[in-house]
> 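Just dropping this structure here.
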Amino acid sequence: MCGIVGYIGTKKASPILLSGLSKLEYRGYDSAGISTIEKDFLSVMKDKGRVENLSKIRGIDKLEGTIGIAHTRWATHGKPSKENSHPHQDNSKTFSVVHNGIIENYNELREFLTKNGYTFYSQTDTEVIPNLIHYYYSQYKKDDMQNFLKAVRKACLDFKGSFAIEVISKLYPENMIVVRQDSPLVIGNCEDEKYLSSDIPAILPYTRDFYLLNDLEFVVLSKDKIEFYDKDLNKIEKEIKEIEWDAASSEKDGYDDYMLKEIYEQPAAIKNTIDSKISLDNKCEFNELNFTKKYLQSLNKIYIVACGTAMHAGLAGKNTLEKLCRIPTEADIASEFRYRDPIIDNKTLCIFISQSGETADTIAALKLSKEKGAKTLAITNVEGSSITREADFSIYTHAGPEIAVASTKAYTCQVVLMNCLAIYFAEILESSDDKLIKSLKSDILDLPKKIKKVLECDDEIKKFAKKMYREKDAFFIGRGVDETAAREGSLKLKEISYIHAESYAAGELKHGPIALIEKGVTVIGIMTDEELVKKTISNIQEVITRGAKTLIITNQKIDDKGFDKVIEIPKTNSFISPVLSIIPLQLLSYYISKYKGLDVDKPRNLAKSVTVE
Ligand code: F6R
């Protein structure tokens with residue numbers, strides 16, 4: 001996790017770095033720091049706390065350097081403290097480094113460097129980086145830019161783990177070296193300025209022309225030049241990529257929080273995601289894919305692998321894929337999948353869902369599936385992200401940048417895209433009833449309109465949130481696809497409101513968890529499947545009898561049976577009903593978090609993209 005920014009150009013670097021960091025804070029926010037090249041020294045300013053703290057450090061506004069690197073941290077090795085904050089320097093203060101990722105063999109390297117006379121001042125894995133660069137650099141007889149590059153390369157080849165690194169040196173005041181392996185880093189290009197960042201939105205205000213780096217590509221930057229090298233330091237050419245997102249899409253746009261803005265962006269995000277893929281009169285189109293009937297018929301299994309919210313979207317996707325295509329499909333948590341020796345061969349298709357495209361466990365699961373001979377298909381929201389570069393095929397949700405740590409619009413777009421994919425497969429396989437496919441397509445096309453309708457429940461939900469925000473426990477229940485939405489609703493509530501929440505298949509409640517139901521507990525029932533609604537209502541009655549407060553999200557006409565609140569949502573095909581039923585639950589979590597006075601967009605202990613295992 002962690003966010004890194006860099007600048008090399010003609011302007012003062014520090015304000016640009018601070019502004020970039022504040023946009024990356026969602027990646028981690030327990031400490032922050034910057035290093036710039038001043039006239040005759042390398043400045044380092046850092047402290048624990050948020051970027052706002054950093055910007056108040058005395059003297060930061062006096063920095064004149066036009067080259068600098070910066071970091072916002074999500075602590076892995078060593079508690080949040082000034083010493084553990086980045087940038088880190090080598091003992092001679094010749095090199096400054098910021099790092100996102102984990103150097104897994106740092107203990108070994110630390111021991112080696114200690115034996116060679118180096119001292120360590122922090123508990124971080126990162127501090128070995130500048131010292132190892134210094135160790136290799138000092139073996140060269142003369143100061144030379146190529147030797148600086150060679151030293152960085154040698155150090156990187158010693159590292160095990162993941163890293164995106166920016167290095168500056170007082171010996172080379174015109175240059176910066178950057179490299180990545182399994183951690184994100186992009187380069188924004190302008191004529192006489194170069195911007196670096198862990199992700200695109202942080203530097204969108206300056207450029208839309210980006211270079212995306214592959215693992216172990218070394219880059220030497222000056223203000224008006226970029227040189228790329230491969231792992232063996234052969235010069236390589238890279239293509240520039242124009243990014244379609246605009247700067248405005250990563251601003252708050254009048255909303256109090258990114259999360260609320262992103263909830264309200266869902267109609268447009270879904271429209272962008274389905275545009276050009278779905279129409280009533282034509283077959284579903286995925287230009288990026290070339291699956292044939294023969295190939296799809298040969299499949300013995302589909303795995304959908306992801307983490308957190310993306311995994312919940314995968315569960316909804318599994319339901320549609322199995323029902324429309326009749327191919328056995330499993331949805332699995334990436335961190336479990338990769339260690340459970342899954343049965344995979346060349347008749348398996350593995351689908352990986354990830355908003356960021358950078359989640360370490362999902363990337364590792366993808367690599368494993370490839371090794372075992374499966375075809376791999378990535379579904380992400382970020383073009384050029386690590387997952388898309390590993391996968392055989394990539395398709396995209398077009399949700400626009402998602403900044404709030406809690407995922408909202410990415411989830412609904414993932415559910416919709418999984419459904420489009422299932423239709424695409426079913427049409428090739430001719431495995432499903434035409435009428436069903438047509439009505440599902442029509443319901444998908446209607447989603448943006450229906451989401452707008454659901455968003456009208458904002459005030460009602462806000463009132464319910466006021467009644468609930470002091471409580472400590474909540475249960476989310478549903479059956480079938482509603483159970484997958486219950487999981488997502490429960491995750492949203494706990495991550496941003498810190499209320500303990502659990503999700504259960506409604507029928508499971510009486511097999512144990514009902515023992516916890518008493519006054520002061522809220523039970524939220526999701527009921528969108530006509531066939532199952534009566535059963536879930538019975539389960540809700542059981543909790544009302546035991547004193548629970550209840551909130552019902554439904555698209556069915558149900559009699560008032562003593563529920564505290566019923567939110568009616570429009571009817572739609574049950575395959576895609578989580579797209580509608582989750583919206584009141586996103587709003588509920590949002591308002592509870594607001595009533596509790598919490599930081600909605602940056603909940604404690606979390607970070608937006610989880611690039612560590
Ligand atoms: C929860 C949330 C996380 C992510 C998970 C996977 O709101 O955002 O559970 O869904 O960390 O992240 P991606 O989709 O980037 O792989």
Side-chain angles (χ1 to χ4, degrees), residues 1 3 26-28 74 100 162 182-184 198-201 257-260 262-263 266 269 304-317 331-338 351-366 378-388 390-391 394-397 399-415 417-418 476 484-485 487-498 501 503 578 582-583 585-590 593 598-613:
M1 334 238 264
Y26 67 85
R27 300 178 67 88
W74 186 84
N100 169 29
S162 57
D182 291 337
S183 284
S198 299
D199 78 11
I200 291 168
D257 303 279
Y258 281 113
M259 184 178 175
L260 191 62
E262 288 161 8
I263 291 173
Q266 290 179 105
I304 305 170
V305 185
C307 300
T309 289
M311 152 66 187
H312 298 154
L315 286 168
D332 208 343
I333 297 166
S335 57
E336 290 294 316
F337 178 82
R338 57 185 291 204
I351 301 175
F352 299 87
I353 310 180
S354 172
Q355 186 282 128
S356 62
E358 302 294 346
T359 301
D361 282 316
T362 312
I363 296 174
L366 192 159
I379 297 189
T380 97
N381 194 38
V382 183
E383 273 189 57
S385 55
S386 300
I387 286 179
T388 64
E390 290 289 341
S394 297
I395 56 177
Y396 295 92
T397 50
E402 191 180 65
I403 310 284
V405 166
S407 184
T408 53
K409 60 178 180 170
Y411 167 75
T412 44
C413 288
Q414 286 159 353
V415 174
L417 195 58
M418 279 303 308
F476 290 72
T484 71
R487 292 194 198 208
E488 176 56 10
S490 161
L491 177 62
K492 282 292 85 82
L493 186 68
K494 64 189 133 206
E495 66 182 328
I496 60 163
S497 78
Y498 315 152
S503 63
I582 198 61
I583 287 167
L585 303 180
Q586 294 169 342
L587 287 168
L588 181 70
S589 307
Y590 173 79
S593 180
L598 301 173
D599 188 339
V600 177
D601 287 336
K602 295 182 203 121
R604 70 184 178 202
N605 304 342
L606 294 176
K608 183 71 182 163
S609 93
V610 185
T611 52
V612 295
E613 289 175 30

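Start at 1 and go down the list; that is how both ligands and their atoms are numbered.
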> Counting from 1, what ligand 1 atoms have a heavy atom of A310 closer than 4.0 Å?
10 (O), 14 (O)
> If you apply the rule side-chain hydrogen bond (donor to acceptor under 3.5 Å, both in side chains), what do you find for T408 with Q586, and how did you get there?
CA-CA 7 Å; T408 53; Q586 294 169 342; 4.9 Å; no
> Only heavy atoms of S354, strictly under 4.0 Å: list the atoms of ligand 1 that pass.
13 (P), 14 (O), 15 (O), 16 (O)
> So M259 and I496, side-chain contact (heavy atoms from CB on, under 4.5 Å) or not? Walk me through it.
CA-CA 10 Å; M259 184 178 175; I496 60 163; 3.5 Å; yes
> Mind checking whether V405 contacts ligand 1 via backbone (N, CA, C, O), side chain (CB onward), both or neither, at a 4.0 Å heavy-atom cut-off?
backbone
> Can you sort out which atoms of ligand 1 are near K492, meaning under 4.0 Å from one of its heavy atoms?
1 (C), 7 (O)
> For S497 and S593, which heavy atoms make the closest approach, and how far apart are they?
CB-N, 4.3 Å
> For a side-chain hydrogen bond (donor to acceptor under 3.5 Å, both in side chains) with S407, tell me which candidate from E402, Q355, E488 qualifies.
E402
> Could you list the atoms of ligand 1 found under 4.0 angstrom from a heavy atom of E495?
1 (C), 7 (O)
> Nearest protein heavy-atom contact for atom 2 (C) of ligand 1: which residue, which atom, what distance?
T309 OG1, 3.7 Å
> For the residue pair I304 and I353, establish whether any side-chain heavy-atom pair is separated by less than 4.5 Å.
yes
> State the atoms of ligand 1, each with its element, that fall below the 4.0 Å cut-off from a heavy-atom position in A406.
7 (O)
> Using heavy-atom distances, let me know which of L606, T359, I387 sits nearest atom 12 (O) of ligand 1.
T359
> Near S407, which atoms of ligand 1 are under 4.0 Å from a heavy atom of that residue?
7 (O), 8 (O)
> Do Q414 and T397 get their side chains close enough for a donor-acceptor pair, meaning under 3.5 Å?
no
> Of the protein's non-hydrogen atoms, which lies at the shortest distance from atom 11 (O) of ligand 1, and what is that distance?
V610 CG2, 3.9 Å
> Apply side-chain contact (heavy atoms from CB on, under 4.5 Å) to L493 and S490, showing your working.
CA-CA 5 Å; L493 186 68; S490 161; 6.0 Å; no
> Report the nearest protein non-hydrogen atom to atom 6 (C) of ligand 1: residue, atom name, distance rounded to 0.1 Å.
C307 O, 3.4 Å
> Atom 15 (O) of ligand 1: which protein heavy atom is closest, and how many Å away?
S356 OG, 2.6 Å
> For residues P201 and I403, determine if any side-chain heavy atom of one lies less than 4.5 Å from a side-chain heavy atom of the other.
yes
> In the protein, which heavy atom is nearest to atom 14 (O) of ligand 1, and how far is it?
Q355 N, 2.6 Å
